[in-house]
Amino acid sequence: MTPKRSTPAGPRVAVIGAGSWGTTFGKILADGGAQVTMWARRAELAHEIDEAKRNSRYLPGINLPRTMAATHELAIALRDVDQVYLSVPSQSLRENLKALRPLLSDNDAKIVSLMKGVERTSGLRMSQVIEQELRCDPDRIAVASGPNLALEIAREQPTAAVISSRSQETAEEVARAARNSYFRTFVNTDVIGTEFGGVLKNLIAVAIGIVDGVGYGENTKASIITRGLVEMTDFAVANGAHPETLQGLAGLGDLIATCQSPLSRNNTAGRLLGQGYSFQDVVKQMQQTAEGLASVAPVLQLARESEVHMPIVEQVKMVLDGKMNPRDIAPHLTTDDDTPQGERTNHGQADGGGALRRALQRAFDQFRNGGRSPGRD
Ligand SMILES: NC(=O)C1=CN([C@@H]2O[C@H](COP(=O)(O)OP(=O)(O)OC[C@H]3O[C@@H](n4cnc5c(N)ncnc54)[C@H](O)[C@@H]3O)[C@@H](O)[C@H]2O)C=CC1
Ligand SMILES: O=C(CO)COP(=O)(O)O
C-alpha cells in the first residue's frame, strides 16, 4: 500500500504505533508542517488513517490532517526519515526496535520516545532500551513528556510539553518539529528526570484512582498528590535527575493532569481497583495501555536499590496484589513508624524536598503579588 498525502515542506518523520498517543502526536507534527507517515501494526487501521484520515477506535470524532499518511509496512514508514517517534506500549518496545534496527542502519535520524513506562524485566527507561537495541549515540535520542492527555490535544486544546535530550541541539530540533498553534514545546537536557516524571506520575494516578473508587474526597487526593510528588522527586533525584525537572511539565504538570482526569487510563484502572475489581478483572476491562500497572514492580525494585522509601507506591502494589483493602490505603501515606516524620522528604537523603519547598515558596510569592513574578528565586 502506498501512503497517500499532499506533501508539506517540513522534516520527514515516522510515528511508530498508531494508538491514541502515537496518532495524536502524528497530528501535532503534521499540523506543525512535518511530512508524517504513521506505522500501524494492523493493516486495517493503517488503511483507515491513510484513506479516511480517521482513527475511530483510539480517537473517535477526530479528523486527522490531510497531509498525514499511514502504512503497516515498517520499511515504507522509515524510508529517508529525519526523525522517528516511538509510541508502542513500553513492554513491547524492545521487540519493535529489533524490527526497526536493520531499516535504520544507514540512517542517523533522531529517535524520540513518547512512552511513559520502564521495562519490567530490566527496569530500564525507554531511552536506555532504545540506546541498547539500536546501538545508537545517545545524543540522537530524545524523549517527550508533559501533561498530555491525548484526546484533549487531538481536540486542539492548548497544551505544553517538554522535549529532553542529552544533546541540546537534538532537543531543539525535535521541539521545532513538534510544535504548532495548539502545542508548545520547551526543552531540557535532563532525560532521566523527564522520563521518570512520566513513569512515576502514572503510579500516583493509580493511587488517586483507587481512593476515588473507594469514595474518598479531595483532602485524601490532595494529600496523595502532594506526598506523591515528594516520592517522585526523591526517587528521581536518587536515580540521577535534577529536582527542578520534577517541578516542571514532566513532573508536577503531568501529575496534576493525570490525577485529575477521567481520560487517564492509569487513573481509570485505579478507580476500578478501588471499586473492588481484582487486578485480573481490571486488565481485562482496560481497552488501552495503562503503563503504571507494569511499572510498579520495577520502580519499587529500583527504589530498594537506591534506598528510597515510596510508601504510596508500595501500597498501590499491595492493592494490585490483593494484599491490601483499597479502603486502607489513605491512612498509610507515610511509614507506620510512631515517630512523626519531617514533611520535607521521606528519608531526607535527597535534595528533592528543598527544591519542592523553593518551588512552592515561589508559587506562594507570585500568588501574593497578583500573579506577577516577585523577581527572586
Ligand atoms: N494516551 C495518552 O494520553 C498518552 C500516552 N502516552 C504514552 O504513550 C505510550 C503509548 O500509549 P497509547 O498510545 O496511549 O496506548 P494505546 O493503548 O492507545 O495504543 C497502543 C498502540 O500500540 C499498539 N500495540 C500494542 N501492542 C503492540 C506491540 N506488541 N507492538 C506494536 N504495537 C503494539 C496497539 O495496537 C495500539 O495501536 C504509552 O507509553 C503511554 O504511557 C504518553 C502521553 C499521553
Ligand atoms: O500520560 C498521560 C497524560 O500526560 C496519559 O495518562 P494515561 O496513560 O494514564 O492515560
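Counting starts at 1 for both ligands and their atoms, following the listed order.
- Under 4.0 Å from ligand 1, not a single heavy atom of Arg42 appears.
- Remark: ligand 1 atoms within the under-4.0 Å shell around heavy atoms of Glu291 are 38 (C), 39 (O), 40 (C), 41 (O).
- When each atom of ligand 1 is checked for a heavy atom of Ala150 under 4.0 Å away, the hits are 1 (N), 2 (C), 3 (O).
- Summary of contacts: the protein heavy atom closest to atom 18 (O) of ligand 1 is Ser20 OG, 2.7 Å.
- Residue contacts with ligand 1: Gln287 is placed with no nitrogen or oxygen under 3.5 Å of a nitrogen or oxygen of the ligand (distance criterion only).
- Enclosure of atom OH in Tyr182 by more than 12 non-hydrogen atoms of other residues, nucleotides or ligands within 6.0 angstrom is indicated.
- For atom 1 (N) of ligand 1, the closest non-hydrogen atom on the protein side is Arg265 NH2, 3.1 Å.
- Residue-ligand proximity, Thr289 to ligand 1, at heavy-atom distances under 4.0 Å covers atoms 15 (O), 16 (P), 17 (O), 20 (C).
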| Step-by-step side chain to side chain donor-acceptor pair (under 3.5 Å) determination, Lys201 to Thr258 | CA-CA 7 Å; Lys201 63 83 195 181; Thr258 315; 3.1 Å; yes
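- One finds a salt bridge joining Lys221 and Glu218 here, because a Lys/Arg side-chain nitrogen approaches an Asp/Glu carboxylate oxygen to under 4.0 Å.
- Under a 4.0 angstrom heavy-atom cut-off, Gly17 registers as lying outside contact with ligand 1.
- Residues Ile163 and Val36 share a hydrophobic cluster, clusters being chains of Ile/Leu/Val/Met/Phe/Trp/Tyr side chains in contact below 4.5 Å.
- Phe186 and Val191 fall into different hydrophobic clusters, defined by Ile, Leu, Val, Met, Phe, Trp and Tyr side-chain heavy atoms under 4.5 Å apart, directly or through other members.
- Residue contact check for ligand 1: Met126 places no non-hydrogen atom closer than 4.0 Å to it.
- Protein heavy atom in closest approach to atom 30 (N) of ligand 1: Asn96 ND2, 3.0 Å.
- Polar contact with ligand 1: absent for Trp39 (N/O pair, distance under 3.5 Å).
- Electrostatic pairing of Asp82 and Lys110 does not count as a salt bridge here, judged by no charged N lying under 4.0 Å from a carboxylate O.
- The existence of a salt bridge linking Glu156 and Lys27 is confirmed by a sub-4.0 Å separation between a basic side-chain nitrogen and an acidic carboxylate oxygen.
- Shortest contact from atom 42 (C) of ligand 1 to any protein heavy atom: Trp21 CD1, 3.2 Å.
- Across the listed options Met286, Lys116, Arg41, Arg41 owns the non-hydrogen atom lying nearest to atom 32 (N) of ligand 1.
- Polar contact check, Pro89 against ligand 1: no nitrogen or oxygen pair lies under 3.5 Å apart.
- Side-chain contact, Thr194 with Asn188: a donor N or O sits under 3.5 Å from an acceptor N or O.
- Using a distance-only test at 3.5 Å, with no hydrogens or angles considered, no donor-acceptor pair links the side chain of Asp137 to the main chain of Arg140.
- Between the side chains of Thr159 and Glu152, no donor-acceptor pair is found at a separation under 3.5 Å.
- Nearest protein heavy-atom neighbour of atom 36 (C) of ligand 1: Tyr58 OH, 3.3 Å.
- Near Leu114, meaning under 4.0 Å from one of its heavy atoms, ligand 1 places the atoms 6 (N), 7 (C), 8 (O), 42 (C).
- The closest donor-acceptor contact from the side chain of Thr220 to the backbone of Tyr216 lies at 3.5 Å or more, if one exists at all.
- Between Glu133 and Arg94 there is a salt bridge, with a side-chain nitrogen of the basic residue lying less than 4.0 Å from a carboxylate oxygen of the acidic one.
- In this structure, Gln91 does not count as a contact residue of ligand 1, since none of its heavy atoms falls inside 4.0 Å of the ligand.
- The pair Arg166-Asp139 meets the salt-bridge criterion, since a charged nitrogen lies less than 4.0 angstrom from a carboxylate oxygen.
- In summary, the side chains of Ser20 and Gln288 do present a donor paired with an acceptor at a separation below 3.5 Å, with no hydrogens or angles considered.
- Within a 6.0 Å radius of CD in Glu169, other residues, nucleotides and ligands contribute 12 heavy atoms or fewer.
- Numbered from 1 in the order shown, with element, the atoms of ligand 1 that lie under 4.0 Å from a heavy atom of Val88 read 31 (C), 32 (N).
- Closest protein heavy atom to atom 29 (N) of ligand 1: Glu95 OE2, 3.0 Å.
- Near ligand 2, heavy-atom contacts under 4.0 Å come from Lys116, Gly146, Pro147, Asn148, Leu149, Lys201, Asp254, Thr258, Leu263, Ser264, Arg265, Asn266.
- Each of the following atoms of ligand 1 lies closer than 4.0 Å to a heavy atom of Gln288: 17 (O), 18 (O).
- Atoms of ligand 1 found under 4.0 Å from any heavy atom of Leu149, numbered from 1 in the order shown, are 3 (O).
- Both Phe183 and Tyr58 are members of a single hydrophobic cluster when ILVMFWY side chains are connected at heavy-atom separations under 4.5 Å.
- Scanning all protein heavy atoms for the shortest distance to atom 44 (C) of ligand 1 gives Asn148 O, 3.0 Å.
- For the residue pair Asn180/Asp31, the side-chain donor-acceptor check at 3.5 Å is not satisfied.
- Of all atoms in ligand 1, listed by their number and element, those nearer than 4.0 Å to a heavy atom of Gly19 are 13 (O), 18 (O), 19 (O), 21 (C), 36 (C), 37 (O).
- When only non-hydrogen protein atoms are considered, atom 10 (C) of ligand 1 lies nearest to Ser87 OG, 3.6 Å.
- Leu93 and Tyr85 are assigned to two separate hydrophobic clusters, defined by single-linkage of ILVMFWY side chains at heavy-atom distances under 4.5 Å.
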